[in-house]
Engineer: 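Got a structure for you, written out below as structure tokens; questions coming shortly.
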There are 2 protein chains.
Amino acid sequence: MTPAIAPSSRALPHPAREEIRLESVLHALSDPMRLRIVRELAGDADELTCSQFDLPVTKSTTTHHFRVLRESGVIRQIYRGTAKLNGLRRDDLDDLFPGLLDALLGAAARQSARLGEG
Amino acid sequence: MTPAIAPSSRALPHPAREEIRLESVLHALSDPMRLRIVRELAGDADELTCSQFDLPVTKSTTTHHFRVLRESGVIRQIYRGTAKLNGLRRDDLDDLFPGLLDALLGAAARQSARLGEG
DNA sequence: CCCATTGTACGAGGAGAGTCGTAGTACCAG
DNA sequence: CTGGTACTACGACTCTCCTCGTACAATGGG
């Protein structure tokens, strides 16, 4: 069961599944930048490095947003070399709040389409 | 189509359906007090006055939270005499974001049950 | 070993949010 | 008109949040 990619020494604190709070998830997703990150993560691939996102903010701010997402339990982050891989915690969220993530992603997609998207 | 209850002179500003933003809705619901209000509104009746809620904050703060909910498009408020009736904007939210409100309410209910509720 | 790449830590500035208290407004019942 | 009820407005306080810049740490390649 050794993973194909060694998860590097640096560890990142994640909340356990039972510790994820709905309020924190909603707060995390109420920021446009973070909602955008989550949408990209849900759409394209399941594993993207931070630098693969082209956000209109500095690297410091990007780090901050990824941390909020991780600490609220929305995403999972692991190091792989100097890069950091980000993935949605679909399994945990679907178990805790069935249908919520899909409803949120659907709502975000609808709004994007409605407002003449990007 | 005249309503049974005259909506009194005082008018309250509400966002039109198209003006409701997902981020604002999520932000509104990310506060425990407001999530609690919305859950009560969804469960019991569709029309409750502000004073029918027994929240552990002062009246000023209660007013503030109801205003945030109204201005984000989550609830509708109309005066009836000195009282103010509050109702969920189910129709508008379901039209804009199908399934979202139910998913949110379900998630909130699940979390309450899981955490040994009140 | 040096260096480029990737991301972090820390501090700061500015804006916003939750809470309260006090004073005030709008409405209804006498 | 008087009084009571229901809610509001405003200012203040405290915290948190988003953003940035600069300086730093961890990894992998030559």
Side-chain angles (χ1 to χ4, degrees), chain A residues 3-14 21 23-38 40-41 47-72 74-87, chain B residues 3 5-14 21 23-38 41 47-72 74-87:
Chain A
I5 298 164
S8 182
S9 52
R10 284 185 282 180
L12 291 161
H14 289 75
R21 301 287 266 101
E23 294 90 331
S24 304
V25 171
L26 297 183
H27 171 249
L29 297 180
S30 71
D31 181 272
M33 218 59 68
R34 291 193 291 261
L35 187 54
R36 177 167 162 174
I37 291 173
V38 169
E40 270 191 67
L41 230 35
E47 298 268 281
L48 292 173
T49 66
C50 295
S51 59
Q52 288 177 283
F53 292 84
D54 189 31
L55 301 174
V57 290
T58 65
K59 268 196 308 179
S60 295
T61 307
T62 302
T63 296
H64 162 71
H65 285 311
F66 275 102
R67 189 207 315 248
V68 172
L69 285 171
R70 169 169 48 83
E71 291 182 344
S72 67
V74 176
I75 68 171
R76 193 175 294 122
Q77 297 189 293
I78 59 165
Y79 279 105
R80 186 180 139 258
T82 83
K84 197 154 74 166
L85 290 185
N86 302 279
Chain B
I5 297 165
S8 183
S9 52
R10 284 184 283 178
L12 291 161
H14 289 74
R21 303 286 266 99
E23 293 90 332
S24 304
V25 170
L26 297 184
H27 171 249
L29 297 180
S30 70
D31 181 273
M33 219 60 68
R34 290 194 291 259
L35 187 55
R36 177 167 162 175
I37 291 173
V38 168
L41 231 35
E47 300 267 280
L48 292 172
T49 67
C50 294
S51 59
Q52 287 177 283
F53 292 83
D54 190 29
L55 302 173
V57 291
T58 65
K59 269 197 303 179
S60 295
T61 305
T62 302
T63 296
H64 164 71
H65 285 311
F66 274 103
R67 188 207 315 247
V68 172
L69 285 171
R70 169 168 48 83
E71 292 181 343
S72 67
V74 177
I75 68 171
R76 198 177 338 247
Q77 296 189 295
I78 58 165
Y79 279 106
R80 189 181 133 254
T82 82
K84 197 155 72 166
L85 290 185
N86 302 279

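Being a predicted model, the structure only gives us computed values, none of them experimental. Reminder, nothing fancy here: chain letters follow the sequence lines and each chain counts from 1. Values below: all heavy atoms of this structure, side chains included; hydrogens, waters and symmetry mates excluded.
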Engineer: Whole angstroms only, please: what is the CG-P distance between Asp31(B) and dG16(C)?
Structural biologist: 18 Å

Engineer: To the nearest Å, how far apart are Gln52(A) CD and dT5(C) C1'?
Structural biologist: 14 Å

Engineer: Round to a whole Å and report the spacing from NZ of Lys84(A) to P of dG28(D).
Structural biologist: 16 Å

Engineer: Taking OP1 and OP2 of dG7(C), is either one under 4.0 Å from a side-chain nitrogen or oxygen of Ser51(A)?
Structural biologist: yes

Engineer: Let me know, please, whether Ser60(A) or Ser30(A) comes out on the 5' side of the other along DNA chain D by nearest nucleotide.
Structural biologist: Ser30(A)

Engineer: Just to confirm, is there a sub-4.0 Å distance from OP1 or OP2 of dT19(C) to any side-chain nitrogen or oxygen of His65(B)?
Structural biologist: yes

Engineer: What is the separation between atom CD on Glu71(A) and atom P on dT16(D), rounded to the nearest whole Å?
Structural biologist: 14 Å

Engineer: Given the structure, check if the side chain of Lys59(A) and the base of dG7(C) hold any donor-acceptor pair shorter than 3.5 Å.
Structural biologist: yes

Engineer: Distance check: side-chain N/O of Thr61(B) vs OP1/OP2 of dC20(C), anything under 4.0 Å?
Structural biologist: yes

Engineer: Do the side-chain N or O atoms of Arg67(B) get closer than 4.0 angstrom to the phosphate oxygens (OP1, OP2) of dC7(D)?
Structural biologist: no

Engineer: Would you indicate whether the side-chain heavy atoms of Thr62(A) and Phe53(A) approach each other to under 4.5 Å?
Structural biologist: no

Engineer: Between dG21(D), dA17(C), dT19(D), which one does the side chain of Thr58(A) approach most closely?
Structural biologist: dG21(D)

Engineer: Check every strand shown and say whether Thr49(B) touches a base, only sugar-phosphate, or nothing at a heavy-atom separation below 4.0 Å.
Structural biologist: sugar-phosphate

Engineer: Evaluate the side-chain proximity of Glu23(A) to Arg34(B): yes if any heavy-atom separation is below 4.5 Å, no if none is.
Structural biologist: no

Engineer: Quick one: label His64(A) by what it contacts on the DNA or RNA (base, sugar-phosphate, nothing), any heavy atom closer than 4.0 Å.
Structural biologist: base

Engineer: In whole Å, what is the span from the CG atom of Leu12(B) to the C1' atom of dA9(D)?
Structural biologist: 14 Å

Engineer: For His27(B) and Ser24(B), run side chain to side chain contact (heavy atoms under 4.5 Å, CB included): C-alpha distance rounded to whole Å, both residues' side-chain angles, the deciding distance at 0.1 Å, then the answer.
Structural biologist: CA-CA 5 Å; His27(B) 171 249; Ser24(B) 304; 5.6 Å; no

Engineer: Nearest-Å distance, CG (Leu69(B)) to P (dC7(D))?
Structural biologist: 15 Å

Engineer: Give the rounded distance in Å between these two atoms: CD1 of Ile78(A) and P of dG7(C).
Structural biologist: 13 Å

Engineer: Within the pair Tyr79(A) and dT6(C), is there a side-chain N or O less than 4.0 Å away from OP1 or OP2?
Structural biologist: no

Engineer: Using whole Å, report how far CZ of Arg80(A) lies from P of dT27(D).
Structural biologist: 14 Å

Engineer: Arg67(A) versus Gln77(A): any side-chain heavy-atom pair under 4.5 Å?
Structural biologist: no

Engineer: Look at Thr63(A) and dT8(C) and indicate whether a side-chain polar atom (N or O) is within less than 4.0 Å of OP1 or OP2.
Structural biologist: yes

Engineer: Indicate the atoms forming the closest heavy-atom contact of Thr49(A) with Asn86(A), along with that distance.
Structural biologist: C-ND2, 3.6 Å

